[in-house]
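Below you'll find the structure, written out as structure tokens, and then a few comments.
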Amino acid sequence: MSLFQLPADYVARSASYYFDDSPFFDGTIVHQPEIYEAADYFLQAGGRTRILDIGCGNGRKLRQVRAREHIGVDFGPNIDACRQRFGAWGTWLDADLCQRSCASVAAYADASTVVVCADVVEHLLDPTPLLNLLAQCYRRGAIVITSTPDRVKVRGADDKGPPANPAHVREWALDEYIAFLEACGLPATHAGHTINNNIARALRTIVTVHDITVDRARAALATQPQQRPLAILAAYNEADVIAEVVEDLIEQGCDVAAIDNWSTDETWPLLRMLAARHPHHVRIERFPQDGPAKHYEWRRILQRKAQIAHGFAGRWILHTDADELRRSPFPGLDLATALHVAAQAGANRVASNLIHFRPIDARPFRPGTLKSAFSHFEFGTRPGHFKQVKAWLQGPELVDLASSGGHVASFPGAVDFPYRFLLRHYPIRSAAHGRRKILAERRTRWSPEERALGWHVQYDDFSETAPGFWHAADLVKFDGDFWRDHGLPLITDIAERRWAESPVSTGQARRRA
């Protein structure tokens with residue numbers, strides 16, 4: 001491997017030429033759009049106020065980011081065009097990113113800053129001064145976001161350079177790029193792929209996020225024992241998944257308080273078995289205490305969850321259900337550790353992004369296979385799917401879950417962690433399960449008062465004639481590259497932004513099998 005972590009036989013260009021971006025200001029193609037959407041998200045979610053765009057080109061994408069202060073860095077015709085077009089709207093800095101003197105730009109970076117360096121490193125004969133600058137910004141507390149084309153994704157594993165693009169000196173594969181950045185003092189908090197542009201939307205561009213606040217929090221937890229989070233789980237007739245979900249929460253470092261809403265299947269006996277197997281980690285109860293209610297009263301269940309949580313001040317609480325698996329936004333960290341990282345970073349509440357796993361044929365679901373039986377998913381399809389603020393550090397006061405229908409844990413002084421966690425949702429496990437759950441077990445039990453509030457409407461389009469499975473072509477494949485290919489939309493609000501632009505959000509019907 002070379003200094004740049006490239007293969008020994010990789011051939012870089014021996015010269016580079018200046019790329020004048022100003023003629024492309026009004027073009028229809030927008031390269032790396034999600035990089036700037038992610039920057040906008042971290043600015044809003046983290047209460048940061050300044051964006052520093054290193055290699056800003058024509059400034060078009062910088063203009064679209066919401067910030068109190070915009071700083072663009074480039075040189076030559078690009079920075080001249082920004083000054084002429086935008087004037088005093090932003091601050092425009094001259095810097096040759098191949099020269100060590102560019103390090104002076106780091107003075108503009110601190111904990112109020114998000115730094116973007118999108119598709120710049122591949123243009124430089126010597127990118128080490130740029131990487132030194134980015135590492136200084138990272139150490140000063142800025143969130144740093146970088147991107148560069150993935151050589152292997154674009155042209156295949158056999159490509160050994162020089163790059164086909166004459167403006168590029170060298171290009172990396174993802175693992176090579178991660179190693180190069182880490183060798184330069186930029187460990188990746190997140191690394192994966194993002195779309196190359198708004199037209200092709202091919203996952204061929206590497207994206208990395210570097211956040212020293214998270215990295216320091218992870219390091220600080222290494223020697224500090226932490227209390228286990230408490231997952232408060234509600235269930236009704238979930239015998240096919242309840243054992244797997246509870247065991248998974250325990251494996252993820254959590255304790256479980258399970259509320260059974262008087263199930264008529266084997267859910268309650270299974271919960272009793274789990275409580276006996278894990279006496280220190282599982283507590284169970286039936287609710288209401290005096291016996292089954294006529295209707296499924298979600299508000300009362302939410303109020304009971306808040307009461308249980310109130311008895312565990314100082315612990316992380318998860319409001320969850322029996323058809324959900326929760327995951328950390330950081331591969332390699334279990335759910336409990338990631339929650340403690342959030343607290344160490346100054347947060348006391350965590351949001352999640354939800355993905356629905358769907359059956360793609362008429363095969364029955366076998367209990368115990370929740371994590372292996374589903375190969376396809378879809379992102380959220382309703383506004384409520386993006387309001388999943390259901391984990392919090394319990395304080396001295398009762399948390400309000402009921403006002404939002406269980407979507408948001410509300411309490412004074414909430415500070416949200418900017419990285420969203422993952423909620424893997426399995427509401428319909430097979431066609432037969434969907435018909436039984438929705439048509440036979442749920443519709444007749446929904447509270448009329450809660451229906452009048454707009455609750456329990458998520459299955460209104462499910463009918464006796466619905467097949468209960470989805471076309472695989474309409475879904476996203478869940479495979480070993482899941483986090484690398486979809487991590488950026490899931491740790492930010494980009495998935496929600498995509499939904500807002502989709503036909504679903506404007507009332508057009510989705511295709512169903």
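Atom CG of D323 sits about 8.0 Å away from atom OG1 of T320, to the nearest 0.5 Å. Annotation: the span from L203 atom CG to D481 atom CG amounts to 9.5 Å, rounded to 0.5 Å. For the atom pair CZ of R484 and CG of D479, the computed distance is 12.0 Å after rounding to the nearest 0.5 Å. L354 CG to L423 CG: the interatomic distance, rounded to the nearest 0.5 Å, is 5.0 Å. In this structure, OG in S16 is found 10.5 Å from CG in D126, a value given to the nearest 0.5 Å. The CG atom of L52 sits 10.0 Å away from atom OG of S112, with the distance rounded to the nearest 0.5 Å.
With sequence neighbours left out, the salt bridge (charged side-chain N to carboxylate O under 4.0 Å, His left out) criterion links D9 to K160. Judged as a side chain to side chain donor-acceptor pair (under 3.5 Å), and not counting sequence neighbours, H407 has no contacts.
There is no side-chain donor-acceptor pair under 3.5 Å between Y177 and D150. A donor atom on one side chain and an acceptor atom on the other are not found under 3.5 Å apart for Y10 and D159. Q394 and W392 form a side-chain donor-acceptor contact under 3.5 Å, judged by distance and modelled atom types alone.
At least one donor-acceptor pair under 3.5 Å links the side chain of H319 to the backbone N or O of G406. Under a 3.5 Å cut-off, the side chain of E122 and the backbone N or O of T148 do not form any donor-acceptor pair. The closest donor-acceptor contact from the side chain of N196 to the backbone of A202 lies under 3.5 Å. Checked by atom type and distance alone, the side chain of T337 never pairs as donor or acceptor with a backbone atom of D334 at under 3.5 Å. For the pair N353 (side chain) and L490 (backbone), a donor-acceptor distance under 3.5 Å is present. Of the possible polar contacts, none joining the H168 side chain to the N165 backbone as a donor-acceptor pair under 3.5 Å is found. Side-chain atoms of T492 come within 3.5 Å of backbone atoms of I494 as a donor-acceptor pair (strictly under, hydrogens ignored). Put simply, the side chain of Q32 never gets that close to the backbone of T205: no donor and acceptor are under 3.5 Å apart. A donor-acceptor pair under 3.5 Å is formed between the side chain of D400 and the backbone N or O of S403. Of the possible polar contacts, one joining the N348 side chain to the V415 backbone as a donor-acceptor pair under 3.5 Å is found.
Note on ring orientation: taking the six-membered ring where Trp is involved, the planes of F417 and F421 are perpendicular (angle over 60°, cut-offs 30° and 60°). Aromatic ring pairs are classed by plane angle as parallel below 30°, tilted from 30° to 60° and perpendicular above 60°; the pair H356 and H425 is tilted.
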Passes side chain to side chain contact (heavy atoms under 4.5 Å, CB included), H70 versus R63? Steps please. CA-CA 8 Å; H70 298 76; R63 183 65 183 259; over 6 Å; no
With side chain to side chain contact (heavy atoms under 4.5 Å, CB included) as the criterion, how do I145 and T208 come out once you've worked through the C-alpha distance, each side chain's angles and the decisive distance to 0.1 Å? CA-CA 6 Å; I145 306 172; T208 64; over 6 Å; no
Would Y419 and F330 count as a ring pair (Phe, Tyr, Trp, His ring centres under 6.0 Å) here? Give the steps. CA-CA 9 Å; Y419 295 84; F330 310 119; 5.4 Å; yes
Evaluation steps, side chain to side chain contact (heavy atoms under 4.5 Å, CB included), between H210 and L134: CA-CA 10 Å; H210 311 266; L134 296 177; over 6 Å; no
Which is it for D74 and R83 under the salt bridge (charged side-chain N to carboxylate O under 4.0 Å, His left out) test, yes or no, and what are the steps along the way? CA-CA 11 Å; D74 216 308; R83 289 192 177 108; over 6 Å; no
Stepwise side chain to side chain contact (heavy atoms under 4.5 Å, CB included) test for L325 and L370: CA-CA 9 Å; L325 297 175; L370 198 60; 4.3 Å; yes
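Contact of the S410 side chain with the V389 side chain is not registered, since no non-hydrogen atoms from C-beta on lie closer than 4.5 Å. Using a 4.5 Å heavy-atom cutoff, the side chains of K61 and I35 are not in contact. Inter-residue side-chain proximity for S352 and R327 is flagged as unmet; no heavy-atom pair is nearer than 4.5 Å. Residues V116 and I54 fail the side-chain proximity criterion, which asks for heavy atoms closer than 4.5 Å. Inter-residue side-chain proximity for I71 and L93 is flagged as met; some heavy-atom pair is nearer than 4.5 Å. W316 is listed as a side-chain neighbour of V350, based on a closest heavy-atom distance under 4.5 Å. Counting only heavy atoms from C-beta outward, the side chains of R420 and D493 approach each other to under 4.5 Å. Taking the side chain as every heavy atom from C-beta outward, L475 and I360 approach each other to under 4.5 Å.
Taking 4.0 Å as the cut-off between side-chain N and carboxylate O, R358 and E378 count as a salt-bridged pair. Between E69 and R50, at least one side-chain nitrogen of the basic residue sits less than 4.0 Å from a carboxylate oxygen of the acidic one, meeting the salt-bridge criterion. Contact check on R326 versus D248 returns no salt bridge, with no Lys/Arg side-chain nitrogen under 4.0 Å from an Asp/Glu carboxylate oxygen. A salt bridge does not link E34 with R497: none of the charged nitrogens is closer than 4.0 Å to a carboxylate oxygen. Salt bridge status for R498 with E496: absent, with no side-chain N to carboxylate O gap under 4.0 Å. Ion pairing of R218 with D211 is absent here, as no side-chain N (NZ or NE/NH1/NH2) approaches a carboxylate O to less than 4.0 Å.
The two residues I51 and A39 have their closest heavy-atom pair at CD1-CB, 4.0 Å. The shortest heavy-atom contact between E171 and R151 is O-NH1, 2.9 Å. Summarising the geometry of A67 relative to L43, their closest heavy-atom pair is CB-CD1, 4.0 Å, with the distance given to 0.1 Å. When all heavy atoms are compared, the tightest approach of H123 to A167 is ND1-O, 3.1 Å. The two residues D361 and F469 come nearest to each other via the heavy atoms O-CB, 3.6 Å. Here the closest non-hydrogen pair linking C82 and G57 is SG-O, 3.2 Å.
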Under 3.5 Å, which donor-acceptor pairs link side chains of residues 95-104 to any protein atom two or more places apart or in another chain?
unit_1	atom_1	unit_2	atom_2	d
D96	OD1	C98	N	3.0
S104	OG	S101	O	3.1

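You'll find the ring centres of F386 and F379 outside the 6.0 Å limit. Residues F357 and F478 bring their aromatic ring centres within 6.0 Å. In this structure, H376 has its ring center at least 6.0 angstrom away from the ring center of W470.
Counting only residues at least two apart or in different chains, salt bridge (charged side-chain N to carboxylate O under 4.0 Å, His left out) contacts with residues 133-147 are absent. The stretch residues 340-356 participates, sequence neighbours left out, in these salt bridge (charged side-chain N to carboxylate O under 4.0 Å, His left out) pairs: R349-D416. The salt bridge (charged side-chain N to carboxylate O under 4.0 Å, His left out) contacts involving residues 191-209 comprise nothing, where partners must be two or more places apart or lie in separate chains.
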